[in-house]
Protein chains: 2
Amino acid sequence: MKASVVMIEPNGHFCDDCAVRGAAVCSSLDTAELREFEHLGRRVHFGSGETVFSEEDITTSFYNVLEGVMRLYKLLPDGRRQIVGFALPGDFLGMNLSGRHNFSADAIGAVTVCQFAKAPFSRFIEDRPQLLRRINELAIRELSQARDHMVLLGRRSADEKVATFLLGWRERLVTLKALSDTVPLPMSRQDIADYLGLTIETVSRTFTKLERQGVIEIIHGGISLLDPARVEAMAAA
Amino acid sequence: MKASVVMIEPNGHFCDDCAVRGAAVCSSLDTAELREFEHLGRRVHFGSGETVFSEEDITTSFYNVLEGVMRLYKLLPDGRRQIVGFALPGDFLGMNLSGRHNFSADAIGAVTVCQFAKAPFSRFIEDRPQLLRRINELAIRELSQARDHMVLLGRRSADEKVATFLLGWRERLVTLKALSDTVPLPMSRQDIADYLGLTIETVSRTFTKLERQGVIEIIHGGISLLDPARVEAMAAA
DNA sequence: ACCCAAATTTGATCTGAGTCAATCGGCTGT
DNA sequence: ACAGCCGATTGACTCAGATCAAATTTGGGT
C-alpha cells in the first residue's frame with residue numbers, strides 16, 4: 001500500500017516478445033494491426049500492494065494484464081471487502097458502461113500491465129469487429145465465472161469453498177504453466193477469505209484440517225495437493 | 001412444472017408492436033435491419049414454471065425476453081440451488097463460449113420470448129458490429145450486476161440481503177413501470193431465498209420483522225415500502 | 001362454497017462459522 | 001544474531017442463520 005512508483009518504458013515493438021500475445025485480447029489482431037496497436041499501449045509496472053485503479057474512479061484506461069496477479073474487489077461503506085476475482089496474465093480490465101470502474105484492482109506482488117488510454121483504444125476498436133468480438137468473448141467467459149462464484153458464495157460450506165477454490169485456482173494457472181499438484185498461492189489468507197466469503201480464521205482452520213487429513217500439504221507460498229481426488233470429492237458436494 | 005405447451009405464432013411484422021423494441025438488443029438496428037431481423041425470430045410463449053432451457057443443454061437458440069419474468073439458476077449435484085439472476089423484458093439470454101448454456105432458465109408466470117436460432121442469428125451479427133456492440137453492452141451490464149451480487153452473497157447479513165433485494169428489484173422494474181413504493185414480487189419465497197443465499201424461513205422471518213417494524217407492508221403478490229429511507233439505511237451497511 | 005395441496009409463517013432447537021483473544025512463526029532491518 | 005512486526009495459526013466462546021417441526025394461509029379445481 002505504499003506510494004506508487006510507476007515506471008513507464010519507452011514505446012518500442014514490445015508486442016513481439018509479449019508473453020500474452022496469443023492469449024489476450026490481442027490474439028484477434030493480425031501482424032499489421034498488432035504493429036499499429038502496440039503504439040496505443042504502454043507497459044506499466046506496479047509494485048506489491050499498489051492500486052492500479054479504484055472503484056468509482058472515472059475510467060481513463062483499459063488494462064491488459066501481462067505479468068503477475070491482481071485482486072479485484074469491492075468494499076462496503078463499513079470496510080467489509082468482497083474479492084470478485086483475481087486477474088492473471090491475459091485478462092482484460094476496464095470495460096464498463098457507467099464510465100467508472102465498478103471495482104478496485106491492486107497488485108499482489110509485482111505486476112506488469114499493458115495500459116491503453118480509453119479514447120484511442122475505443123477508436124481503434126470502432127472498425128475492427130474481430131477485436132470487439134474477442135472482448136465480448138472475454139466478457140462472456142467472466143460472466144460464466146461470476147455465476148459459478150455466486151453458487152460458491154451462496155450455497156457452499158466453508159470446506160467446499162476452500163476445496164473448490166484450490167481446484168479452480170490450479171485450473172486457472174494451467175494456461176501459464178502446466179497442471180501441477182503444487183499450487184502457488186501468491187495471495188494472503190485474508191485475500192482468500194474475502195474471495196470465499198469467509199473469515200481468515202476459518203480459511204486457516206480449513207487448511208490445517210485438510211493438511212491433518214493428509215489431503216494437502218501447506219508449503220511456503222502455496223499448497224501441494226497430496227490427494228487431488230479427495231479434494232475434488234469435497235468440492236463436488 | 002407441467003408439460004410444455006409451446007405456442008408459436010405465425011411470423012409477421014411483429015417487431016412493430018414489440019414492447020421492448022427500444023430497450024432490447026434490437027435497439028441497435030435501424031428500420032430496414034429490423035425488418036430483416038424479425039424474420040429470424042419467432043415469438044414463443046411459456047407457461048408458469050416451464051423450463052425455457054437447462055444448464056448443460058447444447059445452445060441452439062438465443063432468447064430475447066419480451067414479457068414476464070424468468071429465474072436463472074444453477075443446481076449443485078445434491079439439489080442445492082443458487083438463482084444467479086432474474087430475467088425481465090429486454091434481457092438477452094443464451095450467450096456462451098462452450099456451446100452449452102451455463103445456467104437453467106424457467107418462467108415465473110407467463111413468459112413470452114423472441115427466440116432466434118443460433119446459426120442464422122450469428123450470421124446476422126457477423127456484419128453488423130453495432131448489434132455486437134449492443135450485445136457486449138448487455139454482457140458488461142450483467143457482469144456489473146453479477147459483481148454486486150457477489151458482494152451481497154459473500155458479505156451481507158440476512159437483513160441487508162433482503163433490504164438490498166427489495167430496493168434492487170424495485171429499481172429494475174423502473175424501466176417497465178414508473179418507480180413505485182408498491183413492489184410486485186412475482187417470484188416465490190423459495191426463489192428469493194435461493195437468490196439471496198438464505199433459507200425460505202429466514203426470508204419469511206425477515207419480511208415479518210420488517211413489517212412489524214412498520215418499514216414494509218406485505219401485500220398480495222408483493223410488498224409495499226412504507227419507509228423507503230429506512231430500507232435504504234438497512235441495505236447500505 | 002368446499003377440499004386439498006402447496007406455499008408461507010411461526011416456533012424451538014442446533015450448529016457452522018464468526019468473534020475475541022492469545023500465541024506462533026517468518027521476514028526485515030539494524 | 002536479535003528485535004520488532006505482520007501474517008498466520010490456534011483456542012474458547014458466541015451467535016446468526018440453518019434445521020426440524022408444526023400450524024396457518026392461500027389458491028386452484030370441482
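What you are looking at is a predicted structure, and each value in this text was computed from that prediction instead of being measured. In what follows, chains carry the letters A, B, and so on, assigned in the order in which the sequence lines appear, proteins first and then strands, with residues in each chain numbered from 1.
- For Lys74(B) (side chain) and Asn102(B) (main-chain N/O), a donor-acceptor pair under 3.5 Å exists by modelled atom type.
- Side-chain polar atoms of Tyr73(B) and Asp106(B) form a donor-acceptor pair below 3.5 angstrom.
- Between Leu185(A) atom CG and dG7(D) atom C1' there is a gap of 15 Å when expressed in whole angstrom units.
- Defined by atom type and a distance below 3.5 Å, a donor-acceptor pair is present between the side-chain atoms of Thr199(B) and Thr202(B).
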Note to self: At under 4.0 Å between heavy atoms, how does the protein contact nucleotides 4-17 of chain C? Give one character per nucleotide, 5' to 3', with B, S or -.
What the structure shows: ----SBBBB----S

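- Spacing between atom NZ of Lys209(A) and atom P of dT10(D) amounts to 13 Å, rounded to whole angstrom units.
- A rotation axis mapping the C1' atoms of four pairs onto the next four is fitted at both ends of the helix from dA1(C)-dT30(D) to dT30(C)-dA1(D) over five pairs, and the angle between these axes is 50° to 10 degrees.
- In this structure, Arg155(B) atom CZ and dA16(D) atom P are separated by 17 Å, rounded to whole Å.
- Using cut-offs of 30° and 60° for the angle between ring planes, the Phe86(B) and Trp169(B) rings count as perpendicular.
- Here the P atom of nucleotide dA8(D) and the CD1 atom of Ile223(A) are 15 Å apart, to the nearest Å.
- Among residue pairs with one or both ends in residues 172-183 of chain B, those qualifying as salt bridge (charged side-chain N to carboxylate O under 4.0 Å, His left out) are Asp91(B)-Arg172(B), Arg170(B)-Asp181(B); sequence neighbours excluded.
- Between His220(A) and dG25(C) there is no side-chain N or O to OP1 or OP2 distance below 4.0 Å.
- Leu153(B) places its CG atom 17 Å from the C1' atom of dA16(D), with the value rounded to the nearest Å.
- Electrostatic pairing of Arg71(B) and Asp194(B) does not count as a salt bridge here, judged by no charged N lying under 4.0 Å from a carboxylate O.
- With respect to the salt-bridge test (charged N to carboxylate O, under 4.0 angstrom), the residues Arg80(A) and Glu160(B) qualify.
- Checked against the 6.0 Å centroid criterion, the rings of Phe116(A) and Tyr63(A) do not qualify as a close aromatic pair.
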